Amino acid sequence: MSTPQLGRPVGADGGQTRQRIIAATIACVAELGYARTTIRQIARTAGVTSANLYNYFPNKAELVAAAIAARAEIALPRLRRAAQRPGTVVDRIEAVLDESGDLMREHPDLATFEWAIRAQNAV
């Protein structure tokens, strides 16, 4: 049995690999918390070597900052659109809550990642 090849899959570009690393960071921090998440674990989850990961991010802090930015890029536009829907304040709050539920179903690690990062910043 052969070992899976690490690194950039054939036909993938650097942007796709970067996004895979960011997604792996969100998943690892959501599962393990910020302090217990290591570069090695993120690299393994993303299917790249630690050395390859460092080609994209110089350290864990930069990687987590990119994951936080990605979280905002995923969620904020959708939540803002929901908040701007026509109707009463209650209608708009319900739309935001509905959109939040959709986001959690589509990106199950996002909320846990958010709480892990907030807990780290509170310490």
Side-chain angles (χ1 to χ4, degrees):
M1 182 194 290
S2 64
T3 350
Q5 187 71 25
L6 294 177
R8 186 185 300 172
V10 175
D13 65 23
Q16 290 170 332
T17 302
R18 186 177 193 281
Q19 291 306 312
R20 234 177 48 241
I21 293 168
I22 290 171
T25 301
I26 291 171
C28 289
V29 170
E31 180 183 342
L32 303 170
Y34 176 83
R36 291 182 37 219
T37 296
T38 65
I39 290 291
R40 180 177 286 167
Q41 180 66 39
I42 293 167
R44 188 176 14 239
T45 302
V48 299
T49 64
S50 295
N52 190 7
L53 187 146
Y54 283 114
N55 288 323
Y56 294 89
F57 300 97
N59 55 50
K60 182 178 167 184
E62 293 285 329
L63 179 49
V64 170
I68 290 169
R71 174 226 46 203
E73 290 171 11
I74 292 167
L76 291 181
R78 290 176 60 176
L79 295 172
R80 285 188 178 121
R81 276 193 305 276
Q84 293 171 350
R85 290 185 186 150
T88 66
V89 170
V90 172
D91 293 336
R92 291 192 309 267
I93 291 171
E94 286 177 348
V96 169
L97 292 173
D98 288 344
E99 191 64 37
S100 295
D102 291 345
L103 280 163
M104 285 188 259
R105 278 186 292 285
E106 294 167 28
H107 305 278
D109 293 330
L110 216 51
T112 309
F113 171 80
E114 176 75 24
W115 287 111
I117 293 302
R118 287 177 186 257
Q120 176 65 29
N121 289 336
V123 173

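As the structure is a prediction and not an experimental result, all values here were calculated from the model.
Nearest heavy atoms, Lys60 versus Ala35: NZ-O, 3.8 Å. In plain terms, the two heavy atoms of Ile74 and Arg78 that are nearest each other are O-CD, 3.7 Å. Between Gly87 and Arg92 the shortest heavy-atom distance is O-NH1, 2.9 Å. A pairwise comparison of heavy atoms in Arg105 and Asp98 identifies NH2-O, 4.5 Å as the closest pair. Scanning all heavy atoms of the two residues, the minimum distance from Ala66 to Arg18 falls at CB-NH2, 4.1 Å. Ala72 and Pro77 make their closest contact through O-CD, 3.4 Å (heavy atoms, listed as atom of the first residue, atom of the second, distance).
With a 4.5 Å cut-off on side-chain heavy atoms, Asn55 and Thr17 do not count as touching. Taking the side chain as every heavy atom from C-beta outward, Ile39 and Leu63 approach each other to under 4.5 Å. Counting only heavy atoms from C-beta outward, the side chains of Glu99 and Arg85 approach each other to under 4.5 Å. Contact annotation: the side chain of Tyr56 never approaches that of Ile22 to less than 4.5 Å [non-hydrogen atoms, C-beta and beyond]. Contact check for Phe113 versus His107: no side-chain heavy atoms found under the 4.5 Å cut-off.
Proximity of a side-chain donor or acceptor of Asp91 to a complementary backbone N or O of Thr88 within less than 3.5 Å is detected. Side chain of Thr37 to main chain of Cys28: a donor-acceptor pair is present (N/O by atom type, distance under 3.5 Å, no hydrogens or angles).
No hydrogens or angles considered: nothing links the side chains of Thr112 and Asp109 as a donor-acceptor pair under 3.5 Å.
Interatomic distance, Thr38 OG1 to Arg44 CZ, rounded to the nearest 0.5 Å: 6.5 Å. Taken to the nearest 0.5 Å, the CG atom of Leu76 stands 7.0 Å off from the CZ atom of Arg71. Between Leu53 atom CG and Thr25 atom OG1 the span is 6.5 Å, to the nearest 0.5 Å.
Trp115 and Ile68 fall into different hydrophobic clusters, where Ile, Leu, Val, Met, Phe, Trp and Tyr side chains are chained together by heavy-atom contacts under 4.5 Å. Clustering ILVMFWY residues whenever any of their side-chain heavy atoms sit less than 4.5 angstrom apart, transitively, puts Ile21 in the very cluster that holds Tyr54.
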